[in-house]
Amino acid sequence: MYNSKIAGLGFYVPENVVTNDDLSKVMDTNDEWIQERTGIKERRHVIKDTETTTSMGVEAAKKAIERAGIDKDEIDFIVFATLSPDYYFPGPGVLVQRDLQLKRTVGALDVRNQCSGFVYGISVADQYIKSGMYKNVLVIGSELHSRGLDMTTRGRGVSVIFGDGAGAAVLTREEDTSKGILSTHLHSEGQHAEELSLIAPGMGKRWVLDIIEDNDPDDTSYYPHMNGQFVFKNAVVRFSEVIMEGLTKNNLTPADIDMLIPHQANLRISQFIQNKFRLNDDQVFNNIMKYGNTTAASIPIALTEAWEAGKIKEGDLVVLAAFGSGFTWGSVIIRW
Ligand code: UT7
């Protein structure tokens with residue numbers, strides 16, 4: 001048995017900054033409401049047709065591979081987490097294989113776990129590396145939300161929150177099993193599947209032909225829907241539980257955390273967790289103010305920014321935690 005460790009990180013966000021004031025020009029919202037309820041000041045929206053979920057993921061991956069100090073041909077497996085794939089199928093994993101010109105023997109897996117997607121992806125990569133099956137696994141989280149949001153007042157409860165961007169990590173074999181990823185913890189509760197969801201297109205309820213036939217401007221089933229307060233209440237409970245589960249499994253306590261990177265869902269959620277575990281500002285990293293909620297991309301973007309800022313050092317205990325649509329949630333405990 002081996003451990004896996006994060007050997008390289010990278011992120012990519014589109015240049016185009018959309019402020020809260022920009023949004024207030026197209027819907028009934030305002031900077032004060034958005035900042036007070038979510039902490040978000042601005043987010044990025046793609047404007048170039050060449051920017052896609054895959055292309056952003058590829059840019060993030062290039063940096064992660066370079067920083068890992070490996071050749072791209074040393075990548076054995078790709079894990080791509082997103083809720084906003086370029087195509088309904090195939091998923092973006094194979095598009096990364098094509099666009100990065102990775103060898104044809106590489107496997108490509110698409111993960112559909114929304115805000116928990118990156119944590120799920122890390123867990124999958126970790127198991128492959130631990131078992132010795134693969135040595136280097138590329139894990140990408142990327143989202144292009146902006147083209148699929150309801151940018152009218154009807155959609156304001158959701159649309160002001162989400163932003164575009166991508167992050168990536170290269171996981172590699174670590175011989176010293178006291179270092180690297182110590183454990184991962186994944187959960188789900190499908191009972192609440194529709195509380196944060198996008199129903200159409202989907203074979204179960206509304207397929208593309210139904211939507212075309214209806215052509216009903218009041219049909220919101222192809223926009224994301226979120227029961228915000230219900231999701232918020234579940235988020236704070238599940239975040240706390242899954243962080244404690246990971247710490248307990250490794251005989252650690254919240255005081256041992258050097259850096260917590262929570263999924264950037266809402267600054268209020270991060271602050272709740274920070275207070276609950278009595279962590280100081282240096283022990284929690286947030287960047288939702290700049291990028292909004294980038295779903296599967298939020299943890300790798302935040303992790304990369306924290307690392308680039310020198311806030312993560314060798315030997316640190318780093319905790320990743322996510323909660324989101326599904327509901328799904330999870331945590332990763334890392335000795336850096
Ligand atoms: O990433 C996956 C996990 N996601 C989360 O964890 C998100 C969890 N939920 C949340 O972060 C919060 O529930 C939101 C930020 C989505 C919403 O905040 P809230 O404090 O729960 O607001 P609310 O939905 O209860 O809405 C309060 C009021 C409503 O007006 P009335 O009915 O009180 O008159 C909304 O219509 O705020 C109104 N509102 C807005 N006003 C201005 C909703 N969205 C907006 C908006 N601008 N963008």
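Every number for a ligand or one of its atoms is a count from 1 in the order of the listing. Values below: all heavy atoms of this structure, side chains included; hydrogens, waters and symmetry mates excluded.
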ask   = Centroid-to-centroid, Tyr88 to Trp207, below 6.0 Å?
value =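 Yes: the rings meet the under 6.0 Å criterion.
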
Among [options], whose heavy atom sits nearest [atom]?
atom                   : options               : result
atom 7 (C) of ligand 1 : Met226, Glu32, Gln114 : Met226
atom 1 (O) of ligand 1 : Thr29, Thr294, Asn293 : Asn293
atom 4 (N) of ligand 1 : Ile34, Asn227, Val231 : Val231

What residue and heavy atom of the protein are closest to [atom], and at what distance?
atom                    : answer
atom 9 (N) of ligand 1  : Gly228 O, 3.0 Å
atom 21 (O) of ligand 1 : Gln229 CG, 3.2 Å
atom 29 (C) of ligand 1 : Arg156 NH2, 4.8 Å
atom 2 (C) of ligand 1  : Cys115 SG, 3.0 Å
atom 18 (O) of ligand 1 : Trp33 CH2, 4.0 Å

Are any of the protein's heavy atoms under 4.0 angstrom from [atom], yes or no?
atom                    : result
atom 24 (O) of ligand 1 : no
atom 31 (P) of ligand 1 : no
atom 39 (N) of ligand 1 : yes

key: Parallel, tilted or perpendicular: rings of Phe230 and His192 (30°, 60°)   =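 Perpendicular: the ring planes of His192 and Phe230 meet at over 60°.
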
Within the 4.0 Å heavy-atom shell around [X], which atoms of ligand 1 are there?
X      : value
Phe323 : 2 (C), 3 (C)
Ile161 : 16 (C)
Ile269 : 6 (O)
Asn266 : 10 (C), 11 (O), 15 (C)
Val160 : 48 (N)
Thr38  : 15 (C)
Gly157 : 16 (C), 44 (N)

ask   = Would a hydrophobic clustering, with Ile, Leu, Val, Met, Phe, Trp and Tyr connected at side-chain separations under 4.5 Å, put Phe11 with Trp307?
value =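 No, it is not one cluster - the side chains of Phe11 and Trp307 are not joined through contacts under 4.5 Å.
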
task = Answer with yes or no whether the hydrophobic clustering places Leu303 together with Val119; edges join I, L, V, M, F, W, Y residues whose side-chain heavy atoms lie under 4.5 Å apart.
result =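 Same cluster: Leu303 reaches Val119 through Ile, Leu, Val, Met, Phe, Trp or Tyr contacts under 4.5 Å.
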
Under a 4.0 Å threshold between the charged nitrogen and the carboxylate oxygen, would [Y] count as salt-bridged to [X]?
X      : Y      : value
Lys311 : Asp282 : no
Asp164 : Arg147 : no
Lys63  : Glu66  : no
Glu308 : Arg67  : yes

Other residues, nucleotides, ligands: >12 heavy atoms within 6.0 Å of Lys205 NZ =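 No, NZ of Lys205 has 12 or fewer neighbouring heavy atoms, counting only those of other groups under 6.0 Å.
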
message = Tell me whether the count of non-hydrogen atoms from other residues, nucleotides or ligands lying under 6.0 Å of CZ in Arg268 goes above 12.
response =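 Correct, the count exceeds 12.
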
query = With a 4.0 Å cut-off on heavy atoms, does Leu196 reach ligand 1?
reply =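 True for this residue.
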
query = Are the side chains of Val242 and His187 in touch, meaning some heavy atoms are under 4.5 Å apart?
reply =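 Yes; the side chains approach each other to less than 4.5 Å.
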
query = Between the side chains of Gln114 and Tyr120, does any donor sit under 3.5 Å from an acceptor?
reply =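 The criterion, which ignores hydrogens and geometry beyond distance, is not satisfied for Tyr120 and Gln114.
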
key: Which segment of His263 sits under 4.0 Å of ligand 1 when only heavy atoms are counted   =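 It is the side chain that touches ligand 1; the backbone stays farther off.
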
task = May I ask you to check if ligand 1 and Arg37 share an N or O to N or O distance below 3.5 Å?
result =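 Between Arg37 and ligand 1, an N or O pair is found under 3.5 Å apart.
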
key: Close N or O approach (Gly324, ligand 1; < 3.5 Å)   =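 No, there is no polar N/O contact under 3.5 Å.
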
message = Please report the interatomic distance CZ(Phe327) to OG(Ser188), rounded to the nearest 0.5 Å.
response =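 Between atom CZ of Phe327 and atom OG of Ser188 there are 12.0 Å.
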
